[in-house]
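As a basis for the values below, the full set of heavy atoms in this structure was taken, side chains included, without hydrogen atoms, waters or symmetry mates.
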Amino acid sequence: MSILKVDTINEKTSGNGVAIPGHVVQVVNDTFTTSHNITTTSFTDVASLAITPKYSTSKLVITSTQHLYVNSGTASTWRSGLQRLYRDSTFLIGDNGADPYGEGQYSVDAADRHMTYTTLHYVDTPSSTSSITYKVQFTKKDSNTNAINVNNTAYSRGGFMVIMEIAQ
């Protein structure tokens with residue numbers, strides 16, 4: 001068995017980088033404290049974060065955690081907030097089906113409310129070294145929910161996104 005001990009690893013050719021498979025190449029992150037009061041069933045952008053991958057073969061690990069407050073609404077029904085994740089204009093994951101329930105609860109009383117931090121994790125292989133923007137959108141499930149509120153700092157510390165580039 002051989003042991004290699006080094007204090008520094010430098011690129012042989014400037015600009016090529018040192019990519020060790022399975023290791024983190026870069027991390028970008030941001031917090032979001034702008035409150036979004038969503039009263040329609042149209043999806044609304046609530047958070048976005050851009051990254052420029054260093055290698056076209058990298059995987060990107062995206063984590064989005066946003067605070068969701070599902071407001072009052074119709075009694076004895078499901079009331080929920082739906083979320084989804086996009087890479088630029090490409091849908092990746094989340095509530096996009098015909099009858100999703102998303103993050104919420106069955107509410108017996110019209111005044112019932114629900115609060116939570118809701119998280120999406122996704123591993124993407126964009127095969128690009130151009131700038132990419134990941135965005136998270138939310139909407140309320142249907143007319144049974146009066147409104148949802150995302151990242152209202154009166155109720156939370158807001159949300160965040162983290163993107164890690166992993167060399168392959």
* Asked: Is it true that a side-chain atom of S128 and a backbone atom of S130 form a donor plus acceptor pair closer than 3.5 Å?
  -> yes

* Asked: Does S80 use its side chain to pair, donor to acceptor, with the backbone of Y101 at less than 3.5 Å?
  -> yes

Do the side chains of [Y] and [X] get nearer than 4.5 Å, heavy atoms only?
{"X": "D124", "Y": "Y134", "result": "yes"}
{"X": "W78", "Y": "S107", "result": "no"}
{"X": "R84", "Y": "D95", "result": "no"}
{"X": "E103", "Y": "F138", "result": "no"}

* Which heavy atom of N149 sits nearest a heavy atom of S35, and at what distance? -> OD1-OG, 3.0 Å

* Asked: Can you name the nearest heavy-atom pair linking S76 to Y106, along with the distance?
  -> O-OH, 2.9 Å

* Stepwise side chain to side chain contact (heavy atoms under 4.5 Å, CB included) check, I166 with V24 -> CA-CA 5 Å; I166 310 296; V24 176; 3.6 Å; yes

* Structure fact -> Across all chains, not counting sequence neighbours, the side chain to side chain contact (heavy atoms under 4.5 Å, CB included) partners of T77 are T74, R79, N144

* Who pairs with T153 by side chain to side chain contact (heavy atoms under 4.5 Å, CB included), at least two apart in sequence or on another chain? -> T33

* When clusters are formed by joining ILVMFWY residues with side-chain heavy atoms under 4.5 Å apart, either directly or through shared neighbours, do L92 and V28 land in the same one? -> yes

* Candidate pair T125 and K59, rule side chain to side chain contact (heavy atoms under 4.5 Å, CB included), full reasoning -> CA-CA 5 Å; T125 309; K59 292 191 181 296; 3.4 Å; yes

* Can you sort out the partners of D112 under salt bridge (charged side-chain N to carboxylate O under 4.0 Å, His left out), two or more places apart, ordered by chain and number? => none

* Contacts of D88 that satisfy salt bridge (charged side-chain N to carboxylate O under 4.0 Å, His left out) - sequence neighbours left out -> none

Donor-acceptor list for residues 60-72 side chains, cut-off 3.5 Å, not counting sequence neighbours:
from, atom 1, to, atom 2, distance (Å)
T63, OG1, H121, ND1, 3.1
S64, OG, Q66, NE2, 3.1
T65, OG1, T119, OG1, 2.8
Q66, OE1, N151, ND2, 2.6
Q66, NE2, F160, O, 3.1
Y69, OH, R113, NE, 2.8
S72, OG, N146, ND2, 3.1

In residues 36-56, what donor-acceptor pairs under 3.5 Å come from side-chain atoms, sequence neighbours left out?
from, atom 1, to, atom 2, distance (Å)
T40, OG1, S42, N, 3.2
D45, OD1, Q137, NE2, 2.8
Y55, OH, V18, N, 3.4

